[in-house]
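Written below as structure tokens is the structure these notes are about.
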Amino acid sequence: MDARLVWDTWRRVLNDDRLVELVTHGGRAEAAGLGGAATAVLADYAQTPQQTDTNIGMYRRGLVRNALGALSHVPLSQRLLYTSGLDVEAVAADFARTHGYADDGPNFWRLAEAFVAYLAARHAAGLECAPDAPARDAEPAATVPG
Amino acid sequence: MKVPRLGVGLQFNPELLGWFPFFDQSLDALEVLFDSVMAPLDGPGLMLPSMTDIVREAATRFPITGHSNYGGDFGFDDLASTAAVRRHVPLAKKLSVPWVSDHCFYSDASWSDVWSSPLQFSHAEVERLGARARALQSLYGVPLAHENAAYYRTCPGSEMPEEEFLARLLERSGTYLHLDLHNLYANALNHHGSGYLIARFLDTIPLDRVICVHMAGGRWIDGQYHDLHDTKVPEAVWDLLDDVLSRARPGAVIFEYETEALRCGRETLDTARTIEVILADLDRGRTAWDRAYGPASRQTTQKEAA
């Protein structure tokens, strides 16, 4: 089984709720329609649903931590978020989902830009809590993710 | 390549900044996480401005060693594009570290998928990653060590036990090992059903290539044991340390913690007690080192003896 193929397939799983469901809840790998070799990789991960689920959970929690860490590079936006009254972790988790569960890694400026764009769109859509809501007593995440 | 004998130290994790009195400690080594001090990969600079002064201060007090979680050492991207080459290599030179280590996980310009992606223990990857590691070590100009990973499942396509893979990899690469004893312990707990054996692992890896040892704690959650660095070091891991120190000659034993509220059973400790636990672990580590190599064999005790 080619290591590059395994890596590429695993990263597709991490970014795709449908594939996540398949490998963590006993779905048939063939149903994903990825082709023979990738299907074998999916079937392998599906054999260990608990461990695979743990790995996916770690990945997605990492995205939240990294998003909040990247926001430290744009402190004014960071401050606005932390004093908005919103559940900061939930906002970052929703950002990760709408960002396609993409992992920008150490490209923090790119990640910060995407997060700020998400916050602006959210604001424009009126999804923030009422202006008079009390600010949460939340602390920023670590300066740097990881 | 020469590996200095430093002694017992602590990982300089930004999670500990602001509450742990690093600079009050008598440490033989301070292990700096390059990922945490480097400038973003998509911007200018080498080090985060907020970290420059504190790292410089640390370097005046302790021997600095280099460590990373996310260098991309073992990814699929072009090596020249990785954080390891673009940030960690110049950081290693700037800080004059005696060695650098990173984990046996796949990663590219990505971070969060690292922990879910242990290397494929296959013959083809021995060849590919061995060549990659050799090239990276050459860029560093100091020993490059690979840390054995804690993982929940092996990579599909693996063909041999982890320890055999590591032994073959080092033979191909000429690089070194960074032996994390808590990862070893965690894997033994999580994979005992599939025949994972610590004794076989330690008998198979080239112990003379171990240049650093990690010590940490963790705990069970929902039937899986996790390497969370949020407890004191478990007794079984102390036993492993005594065994390894008697058979290997590492340059340092480094302790890792990631929270200001360590767990102790069901109790969550306050910061003061967390500091006490960390200091007690460090003290026990020094005792183990001195028992193995003598009382004047650490960086700090050598100075005192002189």
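In what follows, chains carry the letters A, B, and so on, assigned in the order in which the sequence lines appear, proteins first and then strands, with residues in each chain numbered from 1. Bear in mind that the values here come from a model prediction, so they are computed numbers and not experimental data.
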Looking just at side-chain N and O atoms, do [X] and [Y] make a donor-acceptor pair shorter than 3.5 Å?
X: B/R219; Y: B/T231; value: no
X: B/Q11; Y: B/H229; value: no
X: B/Q120; Y: B/Y106; value: no
X: B/H178; Y: B/H214; value: yes
X: B/E260; Y: B/T271; value: yes

Tell me, out of [options], who's got the most heavy-atom pairs with chain B below 4.5 Å.
options: A/Y59, A/W10, A/W7; result: A/W7
options: A/L63, A/T54, A/V41; result: A/T54
options: A/R60, A/R61, A/Q50; result: A/Q50

Inset, instruction - Take atom CD of B/E171 as the centre, draw a 6.0 Å sphere, and report whether it contains more than 12 heavy atoms from other residues, nucleotides or ligands. - result: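 Check fails, neighbour count at 12 or below.
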Report the option among [options] that has the most heavy-atom pairs separated by less than 4.5 Å from atoms of chain A.
options: B/R87, B/H226, B/Q224; value: B/Q224
options: B/G157, B/P156, B/G223; value: B/P156
options: B/L17, B/N190, B/D42, B/L41; value: B/D42

Inset, instruction - Can you tell which part of B/A124 gets under 4.5 Å to a heavy atom of chain A, answering side chain, backbone, both or neither? - result: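 Neither part.
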Legend entry - Contact origin within B/S122 toward chain A - heavy atom pairs under 4.5 Å: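 Contact with chain A: none, neither part.
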Side chain, backbone, both or neither of [X] within contact of chain B (heavy atoms, under 4.5 Å):
X: A/Q47; answer: neither
X: A/D2; answer: backbone
X: A/W109; answer: both

Legend entry - Interface residues of residues 11-29 of chain A facing chain B - heavy atom cut-off under 4.5 Å: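 Listed by number: A/R11, A/L14.
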Legend entry - Donor-acceptor contact present, side-chain B/S68 to main-chain B/G71, <3.5 Å: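 Confirmed, B/S68 side chain pairs with B/G71 backbone.
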From [X] [atom1] over to [Y] [atom2], what is the distance, rounded to the nearest 0.5 angstrom?
X: B/F34; Y: B/M51; atom1: CZ; atom2: CE; result: 13.5 Å
X: B/R263; Y: B/D230; atom1: CZ; atom2: CG; result: 6.0 Å
X: B/N13; Y: B/D35; atom1: CG; atom2: CG; result: 10.0 Å

Inset, instruction - Run the salt-bridge test on A/R110 and A/D104 with the 4.0 Å N-O cut-off and return the result as yes or no. - result: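 Looking at A/R110 and A/D104, the cut-off is met.
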